[in-house]
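Just so you know, ligand 1 is whichever comes first in the structure, and atom 1 is the first atom listed for that ligand.
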Amino acid sequence: MPYSKSETLFQEACKYMPGGVSSPVRAFKAVEGHPLFIQKAQGSKLYDVDGNEYIDYVSSFGPLILGHAHPAVLEAIVEAAQRGTSYGAPCEAELELAQTICSAFPAMDKIRMVNSGTEATMSAIRLARAATGRDKIVKFEGCYHGHGDSFLIQSGSGLLTAGIPTSPGVPQATIQDTLLCRFNDAASVTQTFEKHGEEIAAVIVEPVPGNMGLVLPQLGFLEGLRDITRKSGSLLIFDEVITGFRLCYGGMQTITGITPDLTTLGKIIGGGLPVGAYGGRKDLMDMVAPEGPVYQAGTLSGNPLAMSAGLASLRMLQDGDLYDRMDVVSYYLCGQLQTLFEEQGWFYTINRMGSMFTIFFTEEEINSYEDVKTSNTEQYARFHRALLEQGVYFPPSQFEVCFLSAAHQLEDADKTIAAVEKALATIK
Ligand SMILES: *Cc1c(COP(=O)(O)O)cnc(C)c1O
């Protein structure tokens, strides 16, 4: 496959933008070769500037659950744009999206729209600190909550990919206020609370971590977090930026029946435009300005285009069948891949939940950050490049999840299985 146009554009981009990109993982540093410049996308497919076609398993890192350029979403964006792109004043779409999300998330009495998942988590911990009068937060190794200072400590996503434990530029005082625990290790949480219980404002967690590859919560782990936070007067924040509307029409809190105090959302609720949101109990959310003193604002927050795109997406997802259909395709795909890896004698572990999955190149069971780090990332890098050659676009890091969309059909799965077989043969 020719990649010459992408290569030329990337060289030029590197002169003007750090690493040639606007977000680190896109630079393909953890895999072989250079990033592809995308010319267009449709349904389950990406097309690069050199005219190559790929089945896309990145889905813009999660938001595009309906696939690329879904007609209903496009129509909503165009219709909204014709009425102006930003007002700096409330609009109906914003209210409708708020109503729609709050009815899907019973733990959210009220919600505030922001422009990214990062803004949502930063604002949620500010609110948690204000509400509890405490400064410390607990996060889990390998979980990613955007690029706010407090979260860039043993973080997942691009930091894990680049092997940066804690970003330079984060003040020492901030580092001291972030306590680390191990996901799926209740004892690590108990010990932390025994030592610092009185100082902990909140525990923030991805209820299904998706930024160190896919890790599933073990039975009782999330319930344990609810218990311990309740007992010690800390808040529980579910960061459902990925899982919100990804696993069902609602969040992991819908599936587990756990009621977090605050929830952060992003990705899917923007339908492919930049959005985030945080919300929760009325008494907490009423502390946010202008109702209360906890300040948080945004020039473009509640943007009519983004609100309309999000609303159109959620309306499509209300047809719960979409989740079942994605699960069928994902179950079939992962089952066949498992057979293939098994037959060929690879060390591998596949974690899957609904439309999310990760193939880890390791024979360890994957339940934590420690386990994730046993993966053979060099093998993943070769696999990634070989798959591109076969027209399949996997995430450019072992530690990012593969996302199916409702546009992925069994036919895409079959093509992917054949591509994986060829790719494995070339890297053996
Ligand atoms: C992507 C992500 C974020 C950050 O969202 P951005 O829109 O990239 O700022 C936060 N939390 C989780 C769990 C995420 O996956």
| task | Determine, for Glu223 against Arg226, whether the closest basic-nitrogen to carboxylate-oxygen distance falls under 4.0 angstrom. | result | no

| Taking 4.0 angstrom as the limit, do Arg281 and Asp109 come out as a salt bridge? | no

Mind checking whether [X] and [Y] have parallel, tilted or perpendicular rings, split at 30° and 60°?
| X | Y | answer |
| --- | --- | --- |
| His408 | Tyr57 | tilted |
| His34 | Phe10 | tilted |
| Phe394 | Phe357 | perpendicular |

| query | Is it the side chain, the backbone, both or neither of Thr264 that has a heavy atom closer than 4.0 Å to ligand 1? | reply | neither

| request: Check Glu206 against ligand 1 and report side chain, backbone, both or neither, counting heavy atoms closer than 4.0 Å. | output: side chain

Output the list of atoms in ligand 1 that are nearer than 4.0 Å to some heavy atom of [X], sorted by atom number.
| X | value |
| --- | --- |
| Gly146 | 3 (C), 4 (C), 10 (C) |
| Ser116 | 7 (O), 9 (O) |
| Thr118 | 4 (C), 5 (O), 6 (P), 9 (O) |
| Tyr144 | 11 (N), 12 (C), 13 (C) |
| Asn211 | 12 (C), 13 (C), 14 (C), 15 (O) |
| Ile242 | 15 (O) |

| Arg385 to Tyr3 six-membered ring, cation-pi geometry met (6.0 Å, 45°) | yes

| task | Consider every N or O of Gly117 and every N or O of ligand 1, then say whether any pair is closer than 3.5 Å. | result | yes

| said: Checking the N or O distance criterion of under 3.5 Å, is ligand 1 in contact with Asp239? | reply: yes

| said: For Phe383 and Phe361: C-alpha separation, side-chain torsions, deciding distance, then whether ring-ring contact (aromatic ring centres under 6.0 Å, His included) applies. | reply: CA-CA 10 Å; Phe383 178 61; Phe361 282 92; 5.2 Å; yes

| said: Using side-chain heavy atoms (C-beta onward) and a distance below 4.5 Å, is Thr263 in contact with Tyr278? | reply: no

| Does Lys267 have a heavy atom less than 4.0 Å from any atom of ligand 1? | yes

